[in-house]
Structures are given as C-alpha cells and as structure tokens.
Amino acid sequence: MIFRLGYVAMTLNLEKCSPSGTVTVTVFNKLPSEEARMYRLRKITRSNLENTLRILRYNQALNIKVYRFTSKLIPLATHPSIEHWDYVSDFKDEFREIGDFVKENNFRVSAHPDHYTLINSPDAKVIEDSIKDLDYHVKIYEAMGLEDYKYKLVMHVGGLYKQKKASIERFKENFVKLPERIRNRIILENDDKSYSALDVLGICKELNIPMVIDIHHHNCVNNGEKLEDLLPEVFDTWNNQEFVPKIHFSSPKSEKDFRSHADSIEFGEFEEFLKVARKVGRDFDTMLEAKNKDSALLKLSEELREVEWVNEINQAEFEITEG
DNA sequence: TCGTGTCAAGATCTT
DNA sequence: AAGATCTTGACACGA
C-alpha cells in the first residue's frame with residue numbers, strides 16, 4: 001500500500017507566491033477605462049499563473065505530487081463584468097506551460113469549485129451560474145492541455161432545501177444532463193452538515209461517480225456508520241479510474257469549534273485512519289486541508305517517518321528530496 | 001506599512 | 001421578511 005499526501009492551493013514557504021490574487025468588483029468597475037480594467041485583469045492573471053508554476057516546481061522539488069489548484073486563477077472569472085474577455089487565448093502559453101509541467105512530472109492535480117456552486121438548487125438561475133462556474137474550471141484544464149478526464153473537480157451534493165430526498169433526486173437529474181466534458185470530471189465529497197458519507201456513497205454508486213470521502217466531515221455527520229465499513233465501498237467507486245482513490249483529511253480546530261480546520265494535522269488521528277485504510281489494503285492519495293497548508297504536510301510526513309509500521313507499508317512517495 | 005473591515009457568489013439559521 | 005452567519009485568503013482603505 002502506497003499513500004501520498006497533497007495540499008490545497010498555496011504554499012507558506014515561498015515569498016509573495018499567492019496563486020489567488022484578485023480585485024473587488026467595486027474597485028474594478030471604478031477603473032477609468034477599458035484599458036485600465038484589462039491591464040489590471042491581465043496583471044493579476046499573469047501573477048497567478050506564474051505563482052502556480054512556481055508552486056508546482058516547489059512541489060516537484062519536495063516530491064509532493066498531489067495538489068489542488070486554486071479556483072481563483074482568473075480574477076472575477078465568472079462575473080458578468082469580464083464575460084467578453086478570452087483569457088484562454090491571452091495566456092495560451094502560460095496555461096500550456098503549467099499543463100506540460102503537470103504531465104511531465106506526473107502530478108495529480110485537482111480543483112474544487114467553491115460552495116456557491118450547486119447543481120441541486122431549486123433556482124434555475126443558481127443552476128445556470130453553477131454550470132458556468134464548472135465550465136470555467138474545465139476550461140482551465142483544457143487550456144492547460146489537461147484534456148484527460150482523470151483531472152477532477154470535487155463537488156458537494158448541495159443544499160437540503162428542507163427535503164433531502166427530493167434534493168438528492170434533483171442532483172441526479174441535473175448531473176446526468178451536464179455536458180460530458182464537465183460530467184466526467186466531477187467527483188463527489190461528503191460535507192460537514194447535510195450529506196453524510198453514506199448518502200454520497202449511494203449517489204456515487206448509482207451514477208458511477210468516484211467518491212472522495214472527507215474523514216473529518218464523516219466525523220461531523222453520520223448516523224453511526226463506521227468508517228471501516230464504508231471505506232472499501234468508497235474506494236470501489238474508483239475501480240474504473242486512472243488514479244487511485246483519494247480522501248480528504250483535516251483535524252478539528254477544537255472541541256467547541258469542531259467543524260473548523262485546525263492549523264495542522266493531528267498525528268494520532270491520521271495514524272488511526274491509516275490503520276483502517278491498511279485493512280482495505282489499496283493505494284490512495286490524501287488531500288490535507290489544514291490552515292498551515294504545505295507546512296502541515298511536511299510536519300505530518302516528518303512524524304510519519306518516525307513510525308516503523310508506516311515506513312514498512314509506504315514507499316516514501318512523499319519523501320523530501322533536497323531541491 | 002500596518003491593522004481591520006470587507007468582499008461575486010447561496011443556504012440556512014436567527015430574529 | 002430581513003439580517004446574521006458560515007468560511008476564507010486577500011483586497012482596500014484609513015490611520
């Protein structure tokens with residue numbers, strides 16, 4: 001069993017390296033001319049793309065192969081103010097360079113449209129905007145030349161709207177209507193309030209969608225289901241996929257503020273999870289969601305290296321190499 | 001330059 | 001029915 005670790009969007013260990021620069025709508029609209037507005041958008045976008053490539057190079061140096069792109073690569077991407085802007089053409093080379101680097105170095109990259117993107121809303125306008133946002137994410141992959149559907153978009157089921165069953169049905173109806181190039185990218189994650197791992201597993205099995213189980217969310221919402229019972233079936237949803245199963249892992253900030261993410265990953269909790277995963281015996285990847293981003297990853301990987309049984313099962317896929 | 005209130009977006013809880 | 005809260009990194013503005 002090999003497992004790898006990844007992190008989300010930004011590194012704490014490179015100076016001035018945000019991939020998520022943006023501009024507020026108010027300020028953007030106050031800029032004096034079309035030229036000024038385009039200049040601002042291009043400047044931010046260039047910086048975001050450059051920083052993304054810097055982060056990937058850094059990841060490569062540390063052999064961190066699992067990474068989630070920020071959703072904010074293009075400022076105001078799906079806002080009506082910039083609908084006319086063809087950012088893909090403007091930054092053709094930059095996108096391509098990122099995608100080439102991903103492919104050359106066998107990264108597993110992903111993206112996670114944020115919680116405003118809901119395909120089970122009863123509101124047609126919300127659905128429309130959500131599809132626009134999904135389309136934006138896929139466009140980014142395509143611009144990078146990451147045409148392979150193995151590069152995924154993680155989503156949640158959506159809102160409850162006081163009727164869980166009907167809301168799940170609406171998810172299914174809208175999901176199957178999505179264009180193929182979007183639909184085949186989507187994978188589903190259990191959330192920390194509404195849809196449990198068991199709920200999501202049911203949807204995933206029915207619609208043949210790979211499932212990402214978020215261990216922390218499972219601890220927030222469940223009806224007594226045991227992780228060890230769920231995990232084999234969750235991993236099975238990946239059987240026809242190129243990449244191995246992926247999970248999300250984070251530690252609660254505190255007992256009182258349980259749902260929030262802590263700065264780091266609590267080692268003991270991760271070790272407990274590994275013991276459950278070992279029983280399943282499959283390779284998998286872990287996306288860590290901690291405030292300390294890659295610093296939390298490096299800390300955890302240090303701690304894991306101290307544990308003999310872990311070293312025996314893992315082939316040091318996340319080993320630090322000097323670079 | 002620094003600290004802090006604010007920010008595109010939806011859902012849901014509180015009043 | 002309207003307003004607050006969720007959650008988050010980064011902006012934007014004023015001191």
Side-chain angles (χ1 to χ4, degrees), chain A residues 7-31 36-37 40-41 43-52 55 68-85 87 111-137 153-164 166-168 170-171 174 189 191-195 199 214 216-217 220-221 248 250-254 256-263 287-296:
Chain A
Y7 68 98
V8 175
M10 59 182 282
T11 160
L12 303 188
N13 296 306
L14 296 177
E15 296 287 323
K16 298 230 160 83
C17 198
S18 169
S20 309
T22 187
V23 59
T24 62
V25 170
T26 319
V27 167
F28 180 76
N29 287 332
K30 268 190 213 155
L31 291 171
R37 286 189 288 274
R40 176 68 73 91
L41 288 177
K43 194 173 154 185
I44 295 168
T45 301
R46 184 168 297 109
S47 160
N48 288 348
L49 293 174
E50 278 174 9
N51 288 340
T52 296
I55 291 167
R68 182 194 297 167
F69 288 123
T70 174
S71 288
K72 301 193 178 78
L73 273 182
I74 310 299
L76 310 183
T78 53
H79 195 271
S81 312
I82 72 147
E83 256 171 3
H84 58 284
W85 179 34
Y87 47 82
H112 194 344
D114 74 26
H115 63 281
Y116 300 109
T117 302
L118 299 150
I119 62 166
N120 80 333
S121 171
D123 183 339
K125 178 70 166 68
V126 174
I127 305 277
E128 190 189 319
D129 289 347
S130 296
I131 293 173
K132 264 187 208 161
D133 188 57
L134 290 168
D135 180 70
Y136 152 71
H137 283 86
L153 299 179
V154 186
M155 289 192 79
H156 297 286
V157 180
L160 284 172
Y161 312 101
K162 295 179 182 165
Q163 285 198 55
K164 193 179 203 176
S167 301
I168 288 176
R170 209 162 40 242
F171 176 89
N174 290 332
E189 176 192 353
D191 66 73
D192 60 356
K193 273 183 171 161
S194 309
Y195 294 97
D199 293 330
D214 186 309
H216 174 55
H217 292 171
C220 295
V221 180
H248 287 179
S250 56
S251 296
K253 188 169 190 171
S254 65
K256 183 172 153 287
D257 208 359
F258 192 82
R259 294 209 318 275
S260 301
H261 291 163
D263 292 349
M287 183 59 76
L288 299 176
E289 295 178 325
K291 298 261 185 199
N292 288 350
K293 307 292 179 192
D294 56 326
S295 295

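Chain identifiers are assigned alphabetically (A, B, ...) following the order of the sequence lines, protein sequences preceding nucleic acid strands; residue numbering begins at 1 within each chain.
- With P as the reference atom, dA1(C) and dA8(B) are 27 Å apart, rounded to whole Å.
- Relative orientation of the His156(A) and His112(A) rings is tilted, given thresholds of 30° and 60° on the angle between their planes.
- Two residues, Lys193(A) and Ala290(A), neighbour DNA chain C, and the one matched to the more 5' nucleotide by heavy-atom proximity is Lys193(A).
- Residues Glu289(A) and His216(A) bring no donor and acceptor atom of their side chains to less than 3.5 Å of each other.
- No donor-acceptor contact under 3.5 angstrom links the side chains of Ser167(A) and Asn120(A), judged on distance only.
- Taking atom P in both dC2(B) and dT8(C), the straight-line distance is 26 Å, to the nearest Å.
- Pairing of dT8(C), defined by two Watson-Crick or G-U wobble distances under 3.5 Å, is not identified with any nucleotide.
- Distances shown here put a side-chain N or O of His261(A) below 4.0 Å from the OP1 or OP2 atom of dT8(C).
- The phosphate of dT8(C) (OP1 or OP2) has a side-chain N or O of Lys291(A) nearer than 4.0 angstrom.
- Ranked by how close their nearest DNA chain C nucleotide is to the 5' end, Lys30(A) and Ser20(A) are led by Ser20(A).
- Using modelled atom types and a 3.5 Å distance limit, the side chains of Asp114(A) and Ser71(A) yield no donor-acceptor pair.
- Residue-level contact check: Gly21(A) touches the backbone only, with heavy atoms under 4.0 Å from sugar-phosphate atoms and none from bases.
- Side-chain nitrogen and oxygen atoms of Thr26(A) include at least one within less than 4.0 Å of the OP1 or OP2 phosphate oxygen of dA8(B).
- On the C1' atoms, dG5(B) is 16 Å away from dA4(C), given to the nearest whole Å.
- Between dG9(C) and Lys293(A), a contact under 4.0 Å exists linking OP1 or OP2 to a side-chain N or O.
- Using a 4.0 Å heavy-atom cutoff across all strands shown, Ser18(A) reaches sugar-phosphate atoms only and no base atom.
- A distance cut-off of 5.5 Å between ring centres, combined with a plane angle under 30°, leaves Tyr116(A) outside any stacking arrangement with the base of dG10(B).
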